[in-house]
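Single-structure report; data block below.
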Amino acid sequence: MSKTKINVGTIWLDGCSGCHMSFLDMDERIVELSQYLNIIYSPYVDAKEIPANIDLFIVEGAISTDHDLEIIQKIRDNSKKILALGDCAITGNISAMKNLAGTEISLEKGYFELADLNKGKYPNKVVPKLLDKVIPLNEAISVDYFVPGCPTPADAIYAVLKGLIDGVEVDTSKYTRFGL
């Protein structure tokens, strides 16, 4: 990527938002990056629709619902580059633990056994349908960059974004690793 201002989107799917919190932990470095990044879709801004022609989309979290799958395919169609941020986006991580028990057992536990309100009713009109298996991004779409971490440290996010702006490849192992 070049030093011209690039349009960036961010989203978290099935995850804890820890990587988005780490993004904010870049503190004053966000001001430096804002000279080159134009955040046009994100929980940080109030955009409702995924815009077209995004230069870089940063995606945190795994894909666990039919809605996640629909959104990630729209993001891929509208973005030149996709950055999978964090272990959930890269491996499924904690979200994929549901795969060990299965969808039906997970729903039964959450909406029947442990529910305090509306016990015994699965809110299928307002809750997206769970996929049979939680999957990482690269099992649904092509991904251009992978930055591990749980959550990904702010220094790693900064180094990767600065490297993309400067056109320099960054060795992320200097800043992060899986589970860190």
Side-chain angles (χ1 to χ4, degrees), residues 1 6-23 39-44 47-111 122-124 126-154 156-157 159-161 163-164 169-173 175-180:
M1 301 209 169
I6 59 174
N7 289 328
V8 176
T10 79
I11 192 169
W12 80 72
L13 300 174
D14 191 353
C16 69
S17 78
C19 293
H20 271 75
M21 296 297 109
S22 289
F23 190 99
I39 306 291
I40 60 173
Y41 183 90
S42 173
Y44 308 131
K48 303 294 184 210
E49 297 292 325
I50 295 172
N53 298 319
I54 296 177
D55 297 306
L56 176 67
F57 219 110
I58 301 168
V59 182
E60 170 190 1
I63 298 168
S64 65
T65 68
D66 57 351
H67 183 259
D68 293 342
L69 197 54
E70 179 183 320
I71 291 290
I72 199 64
Q73 288 168 341
K74 186 170 187 176
I75 287 170
R76 179 70 273 180
D77 291 344
N78 292 350
S79 305
K80 294 175 187 165
K81 301 287 183 183
I82 302 281
L83 186 153
L85 184 64
D87 293 355
C88 291
I90 297 171
T91 68
N93 206 24
I94 298 294
S95 302
M97 290 180 71
K98 181 203 76 142
N99 297 344
L100 299 172
T103 299
E104 291 307 316
I105 289 174
S106 298
L107 290 173
E108 188 174 310
K109 191 77 161 175
Y111 291 99
Y122 177 65
N124 58 357
V126 293
V127 176
K129 182 179 183 271
L130 291 178
L131 300 175
D132 290 337
K133 182 181 170 194
V134 175
I135 58 173
L137 298 186
N138 69 321
E139 289 190 21
I141 60 167
S142 64
V143 175
D144 302 285
Y145 309 107
F146 297 88
V147 183
C150 183
T152 305
I157 297 169
V160 168
L161 291 176
L164 290 172
E169 188 172 333
V170 173
D171 177 6
T172 59
S173 68
Y175 304 97
T176 187
R177 61 179 168 78
F178 286 102
L180 181 59

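Just so you know, these numbers use all the heavy atoms, side chains as well, and skip hydrogens, waters and symmetry mates.
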From CA spacing to verdict: side chain to side chain contact (heavy atoms under 4.5 Å, CB included), Arg76, Ile82: CA-CA 7 Å; Arg76 179 70 273 180; Ile82 302 281; 3.2 Å; yes
Test side chain to side chain contact (heavy atoms under 4.5 Å, CB included) applied to Ile58 and Ile157, step by step: CA-CA 10 Å; Ile58 301 168; Ile157 297 169; 5.9 Å; no
Residue pair Glu104, Lys109: steps toward the side chain to side chain contact (heavy atoms under 4.5 Å, CB included) verdict: CA-CA 9 Å; Glu104 291 307 316; Lys109 191 77 161 175; over 6 Å; no
Residues Leu164, Tyr145; criterion side chain to side chain contact (heavy atoms under 4.5 Å, CB included); working and verdict: CA-CA 10 Å; Leu164 290 172; Tyr145 309 107; 3.4 Å; yes
Name every donor-acceptor pair, under 3.5 Å, that has one atom in a side chain of residues 66-73 and the other anywhere in the protein, sequence neighbours excluded.
| from | atom 1 | to | atom 2 | distance (Å) |
| --- | --- | --- | --- | --- |
| Asp66 | OD1 | Lys129 | N | 3.1 |
| Asp68 | OD1 | Thr65 | OG1 | 3.4 |
| Asp68 | OD2 | Ser64 | N | 3.0 |
| Asp68 | OD2 | Ser64 | OG | 3.4 |
| Asp68 | OD2 | Thr65 | N | 3.3 |
| Asp68 | OD2 | Thr65 | OG1 | 3.4 |

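Side-chain contact between Phe146 and Leu137 is absent, with no heavy-atom pair separated by less than 4.5 Å. Using a 4.5 Å heavy-atom threshold, the side chains of Lys81 and Asp55 count as separate. The shortest distance between side-chain heavy atoms of Cys150 and Phe178 does not fall below 4.5 Å. A 4.5 Å side-chain heavy-atom check between Val59 and Leu85 finds every atom pair outside the cut-off. Residues Asn7 and Asn53 have side chains not in contact (no heavy-atom distance under 4.5 Å, counting atoms from C-beta outward). Residues Thr172 and Val160 form a side-chain contact, since some pair of their non-hydrogen atoms from C-beta on lies under 4.5 Å apart. Between Ile40 and Val8, the closest side-chain pair of non-hydrogen atoms is not below 4.5 Å. The shortest distance between side-chain heavy atoms of Glu60 and Phe23 does not fall below 4.5 Å.
Heavy atoms only, all atoms of each residue included: Ala159 and Val170 are closest at O-CG2, 3.3 Å. Shortest non-hydrogen contact noted between Ala96 and Thr91 is CB-O, 4.5 Å. The minimum heavy-atom distance between Ser95 and Cys88, with the atom names listed, is OG-SG, 4.4 Å. Between Thr176 and Pro148, the shortest heavy-atom distance links the atoms OG1-O, 2.9 Å. Here the shortest heavy-atom pairing between Pro136 and Gly92 reads CB-N, 4.0 Å. Taking all atoms of both residues into account, the shortest heavy-atom contact from Pro43 to Thr10 is CD-OG1, 3.4 Å.
In this view, Tyr175 satisfies the ring pair (Phe, Tyr, Trp, His ring centres under 6.0 Å) rule with no residue, not counting sequence neighbours. Every residue two or more places apart in sequence or in another chain was checked for a salt bridge (charged side-chain N to carboxylate O under 4.0 Å, His left out) with Arg177, and none qualifies.
The aromatic rings of Tyr111 and Tyr122 sit perpendicular to each other, their planes meeting at more than 60°, with 30° as the lower class boundary. Between Tyr41 and Phe57, the ring-plane angle classifies as tilted under the 30° and 60° cut-offs.
Atoms CD1 and CD1, on Ile63 and Ile141 in that order, are 6.5 Å from each other to the nearest 0.5 Å. Of the inter-residue distances, the one linking Ile11 atom CD1 with Ser17 atom OG reads 13.0 Å to the nearest 0.5 angstrom.
Screening Asp132, Thr103, Asp14 for a side chain to side chain donor-acceptor pair (under 3.5 Å) with Lys98, the sole residue that qualifies is Thr103.
The backbone N or O of Gly18 sits less than 3.5 Å from a side-chain atom of Ser22, completing a donor-acceptor pair. Under a 3.5 Å cut-off, the side chain of Asp87 and the backbone N or O of Gly149 do form a donor-acceptor pair.
Other residues, nucleotides and ligands place no more than 12 heavy atoms under 6.0 Å from the CE atom of Met97. Residue Asp171 places its CG atom among more than 12 non-hydrogen atoms of other residues, nucleotides or ligands, all under 6.0 Å distant.
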